[in-house]
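Both counts, for ligands and for their atoms, begin at 1 and track the order of listing.
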Amino acid sequence: MQPTLHLGDSSDAFSKGGNRLCFVDPGNKGRCIKVLRPDRSPEKKRREKSLLKRLKPLDNFNDNLQELRTYQLIERHVGEAAFELVPRCYGMVDTNLGEGLSSELIRDDDGQISITLKQYLWQQGETPAISACLQRFAQRWSELGMPSRNLLLHNVVVQCQQGQPQKLIVIDGLGWSDTIPVAYWIKALARRKAARKVRLIHKAIDQLLYKKAHNLKYGYHGWLTDEARSEAASPPQDS
Ligand SMILES: Nc1ncnc2c1ncn2[C@@H]1O[C@H](COP(=O)(O)OP(=O)(O)O)[C@@H](O)[C@H]1O
Ligand SMILES: [Mg+2]
């Protein structure tokens with residue numbers, strides 16, 4: 001059996017999403033480990049749903065388990081090329097904060113953890129470099145028929161080299177959400193659905209830039225401080 005990984009407590013996470021806390025793997029700084037937020041347990045999430053949805057098994061409300069299954073489907077139905085666009089997934093590990101999902105941690109060439117597309121656009125605007133990345137991403141995402149829910153700007157990270165955006169990687173929100181996700185087996189349908197998702201990104205970008213232009217709030221998700229980005233460049237030692 002694998003030894004339990006000690007991640008510390010929630011204040012040691014480099015980032016927090018709506019459902020999970022993200023830590024740098026103390027034994028491998030090229031990997032991150034995501035654990036479920038204690039205040040967003042599968043039991044709690046299920047209780048919040050309608051009576052009909054509450055009939056679903058508890059595993060359906062566990063984001064880590066769902067994501068692991070999605071990665072397996074991606075490997076089977078899209079294959080190796082998918083990992084140009086999503087992190088590699090290394091499976092579940094046992095941690096002091098419960099089961100953790102281990103995956104590739106996306107970093108820039110200077111070792112800093114890559115920021116989200118949302119943060120990049122807020123800080124830099126829609127630069128020619130990010131537009132070029134978006135175009136390449138849209139083409140590849142569509143031709144591979146990558147499965148996802150709506151692509152949210154805080155679930156996409158921008159990997160930079162020498163400060164310049166090189167590629168976009170989707171780190172969350174993967175998998176078809178249909179009750180019977182036939183698009184895994186019908187490539188033409190997958191391509192059509194994926195193309196629609198990338199078209200919708202432009203709407204999300206316009207909304208974000210409107211917020212910025214009108215001095216509205218950035219929102220809760222998808223901001224990494226410089227400290228979190230670089231602190232994690234050398235993760236705390238295992239104790
Ligand atoms: N593989 C990764 N590489 C770099 N940053 C990541 C990675 N996974 C998550 N993050 C950062 O952590 C945040 C939250 O992660 P996410 O998986 O979206 O959690 P949740 O499922 O709670 O929404 C992301 O917005 C992103 O900034
Ligand atoms: Mg997320």
Side-chain angles (χ1 to χ4, degrees), residues 7 10-26 28-42 44-45 48 59-71 74 82-93 95 97-123 133 137 146 148-161 165-175 177 197 201 204 208 218-233 235:
L7 301 174
S10 57
S11 66
D12 296 307
F14 73 86
S15 181
K16 174 175 157 180
N19 292 296
R20 297 178 292 183
L21 297 168
C22 305
F23 295 83
V24 177
D25 182 335
N28 184 341
K29 63 183 196 172
R31 295 186 180 189
C32 69
I33 296 179
K34 302 187 188 186
V35 299
L36 302 180
R37 280 172 49 174
D39 56 333
R40 301 289 302 145
S41 68
K44 184 145 192 264
K45 285 177 69 174
E48 288 166 2
D59 283 0
N60 283 51
F61 301 88
N62 179 328
D63 287 73
N64 270 353
L65 261 183
Q66 291 306 314
E67 195 164 277
L68 178 64
R69 287 180 186 157
T70 299
Y71 271 103
I74 289 177
F83 300 104
E84 295 166 26
L85 302 166
V86 298
R88 286 188 184 274
C89 180
Y90 303 108
M92 290 292 189
V93 293
T95 84
L97 300 173
E99 267 193 330
L101 186 63
S102 169
S103 63
E104 183 184 353
L105 177 57
I106 310 302
R107 292 179 183 271
D108 294 349
D109 62 346
D110 61 3
Q112 303 236 84
I113 296 177
S114 301
I115 58 173
T116 61
L117 179 56
K118 183 176 175 187
Q119 183 170 353
Y120 181 93
L121 289 164
W122 194 266
Q123 291 179 316
C133 273
F137 170 81
M146 288 294 286
S148 75
R149 288 140 172 81
N150 283 348
L151 293 165
L152 305 177
L153 302 179
H154 54 263
N155 285 337
V156 180
V157 299
V158 182
Q159 193 172 39
C160 291
Q161 266 175 30
Q166 295 300 311
K167 67 176 186 169
L168 302 183
I169 296 163
V170 178
I171 51 84
D172 185 24
L174 295 167
S177 57
K197 301 293 184 198
I201 288 191
L208 182 77
Y218 175 82
Y220 169 73
H221 295 294
W223 190 275
L224 276 191
T225 61
D226 283 349
E227 199 192 347
R229 297 184 68 200
S230 53
E231 207 178 274

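Between Gly18 and ligand 1, a contact under 3.5 Å exists for at least one N or O pair. Of the polar atoms of Asn19, at least one N or O is found under 3.5 Å from an N or O of ligand 1, judged by distance alone.
Closest protein heavy atom to atom 20 (P) of ligand 1: Asp172 OD2, 3.6 Å. For atom 25 (O) of ligand 1, the closest heavy atom belonging to the protein is His154 O, 2.8 Å. When only non-hydrogen protein atoms are considered, atom 15 (O) of ligand 1 lies nearest to Cys22 SG, 3.4 Å. In terms of protein heavy-atom proximity, atom 21 (O) of ligand 1 is nearest to Arg20 NE, 2.9 Å. Given atom 13 (C) of ligand 1, the protein heavy atom at minimum distance is Ser15 OG, 3.1 Å. Considering only non-hydrogen protein atoms, atom 3 (N) of ligand 1 sits nearest to Ile106 N, 3.0 Å. Counting protein heavy atoms only, atom 2 (C) of ligand 1 is closest to Ile171 CG2, 3.6 Å. Shortest contact from atom 19 (O) of ligand 1 to any protein heavy atom: Gly17 CA, 3.8 Å.
Considering only heavy atoms from C-beta on, Leu21 stays 4.5 Å or farther from Lys34 through its side chain.
Note that Lys167 lies outside the cation-pi zone of Phe137, set by a 6.0 Å cut-off to the ring centre and a 45° limit from the axis.
Residues forming a salt bridge (charged side-chain N to carboxylate O under 4.0 Å, His left out) with Asp59 (at least two apart in sequence, or on another chain): Arg69.
No donor-acceptor pair under 3.5 Å is formed between the side chain of Ser148 and the backbone N or O of Asn150. One N or O on the side chain of Gln119 and one on the backbone of Leu224 form a donor-acceptor pair closer than 3.5 Å.
Asp63 does not count as a contact of ligand 1, since none of its heavy atoms falls under 4.0 Å from the ligand.
Using a 4.0 Å cut-off to heavy atoms of Cys32, the atoms of ligand 1 that qualify are 1 (N). Shown in contact with Asn155 at under 4.0 Å from a heavy atom are these atoms of ligand 1, numbered in order with element: 18 (O).
Within 6.0 Å of CD on Gln66 lie more than 12 heavy atoms contributed by other residues, nucleotides or ligands.
Side-chain N/O atoms of Arg37 and Asn19 include no donor and acceptor closer than 3.5 Å.
Here the closest non-hydrogen pair linking Gln112 and Ser230 is OE1-CB, 3.1 Å. In terms of heavy-atom proximity, Val35 sits nearest to Gly98 at CG1-O, 4.3 Å. Nearest heavy-atom pair across Ala82 and Ile74 is CB-CG2, 3.5 Å.
Between Tyr218 and Trp122, the two ring planes are perpendicular [angle over 60°; tilted spans 30° to 60°].
Proximity of Ile115 to ligand 1, defined as any heavy-atom pair under 4.0 Å, is not found for any part of the residue. The proximity of Thr116 to ligand 1, defined as any non-hydrogen pair under 4.0 Å, is limited to the side chain. Residue contacts with ligand 1, taken as heavy atom pairs separated by less than 4.0 Å, involve Lys34 solely via side-chain atoms from C-beta onward.
For a distance bound of 2.8 Å, the N, O or S atoms of Asn155 include one lying that close to the Mg ion (ligand 2).
Asp172 contributes OD2 as its N, O or S atom closest to the Mg ion (ligand 2).
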